[in-house]
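See below for the structure under consideration.
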Amino acid sequence: MKDLLATYYFRPKEGVDAAYAANAIREEQTTGTWTDLSTVNEETAYVHALDGSVEDLVELPDGGYLTKICFPHEIFEKGNIPQYLSVIAGNLFGLGKLEAVRLLDIDLPENLAGCGPKFGIDGIRKIVGTEVSCRPHIGTIIKPKVGLNPKDTAQVAYEAALGGLDLIKDDETLTNQTFCPLFDRLEAVMDALDRAKDETGKQVLYAVNVTTGGDRIVELAHKAVSAGANMLMVDVLTAGFSAIQALAEAPGINVPIHVHRTMHGALTRNPHHGIAMRPIAKLVRSSGGDQLHTGSVSGKMGSKAGEVIADNREITKPLSYLKPVFPVSSGGLHPGKVAAEIAKLGTDIVLQAGGGIHGHPEGTTAGTRAMLQAAEAAILGIPAREYATSHPELAAALAKWGDA
Ligand code: 3PG
């Protein structure tokens, strides 16, 4: 199919017929408006090619409805994701005939897909040297999330790398502030990772947060890569999908892109209104994000396990034209939660801990080791508490945070 199929949940306002409401969404997002138009006549009847169609309408036990709307591919400007969103997630959210409406999913056809991830799961595993291993990647967010200067940030990165993890990243609110200028931080962290590599032999990725205005992000990313960055990070919902796309398509930016979804709760949290994570995740894959935060099953952010599992399946399922995205589970994780994450999300996952590493009683290196030990235990099928009897770093973590 060449057209885009969008699935919505909606609740009509009292007294509004459901079929009328579904058609109002289609109409508003395609060729129509609230009344008939003198501009659509026999001579301009060709515009009906963009009418689209309501393909399905099902009543749900909660009184809401599920509908699928088919949008003709010609209504989209290929590759222009802001424009895609104006069609599938535009004015409809404000329609007065609807009490609530939520974009649940999209079937994005190959002819409308972007370039996709340059690296994907296999490409990232290759850089880090874990391609023959079936363990999750372990990552950390430097904490505190803001406030440290470049030298102290680099020291934390060094200690984390000594523990053997795979990824270190900036937090979503750290960009290029005066207390920690981006290029000073990048230089210091990459130097620290080189020193750690001399000791461990292991290449660690550092996702430096280049989120900035659309007029500056590509130039900033180019400079970051020239200064040694081996991964870039973008806050997709604040910067926009085109920020990822611009970096993924820019010649010379040959490093993976780590995508944070900060602000997503404003869209995803209400089960009846907004935009579910699924379409966001699919658009990130299409735009060229290599890693994406999709939620955890046991962390602090209140995700629903079933949705996280299904979203991860969607962005990792084989497609001939898009590489899989490496899903990231993050937010409130610590070694005691690793078994639950692996049990539900599998091993093709990045398990990230900020507080769960830097809050370890013996410090960051021990915190990193404890996360890795917890992953080893889960993969071996050994309860964390049992494994901890011969792994002191894990024992100290479990003593502080428990194993649930
Ligand atoms: C994230 O980016 O997911 C958060 O900064 C995670 O931090 P935490 O592990 O301390 O909850």
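Computed from heavy atoms alone, side chains included, the values below leave out hydrogens, waters and symmetry copies. In each ligand, atom 1 is the first atom listed, and ligand 1 is the first ligand listed.
- Judged by a 6.0 Å distance limit and a 45° cone about the ring axis, R195 is positioned over the six-membered ring of Y158.
- For a heavy-atom separation below 4.0 Å, the residues in contact with ligand 1 are I141, K143, K169, D171, E172, H260, H293, K300, S330, G331, G332, A353, G354, G355.
- Crowding of E362 atom CD: a count of heavy atoms from other residues, nucleotides or ligands under 6.0 Å exceeding 12.
- When only modelled atom types and interatomic distance are considered, E77 and N80 share a side-chain donor-acceptor pair under 3.5 Å.
- Using modelled atom types, one finds no donor on one side chain facing an acceptor on the other under 3.5 Å when comparing D235 with T262.
- Applying the salt bridge (charged side-chain N to carboxylate O under 4.0 Å, His left out) test to residues at least two apart or on different chains, the pairs with a partner in residues 338-360 are R125-D348.
- Ring centroids of H264 and H293 are separated by 6.0 Å or more, keeping the two rings apart.
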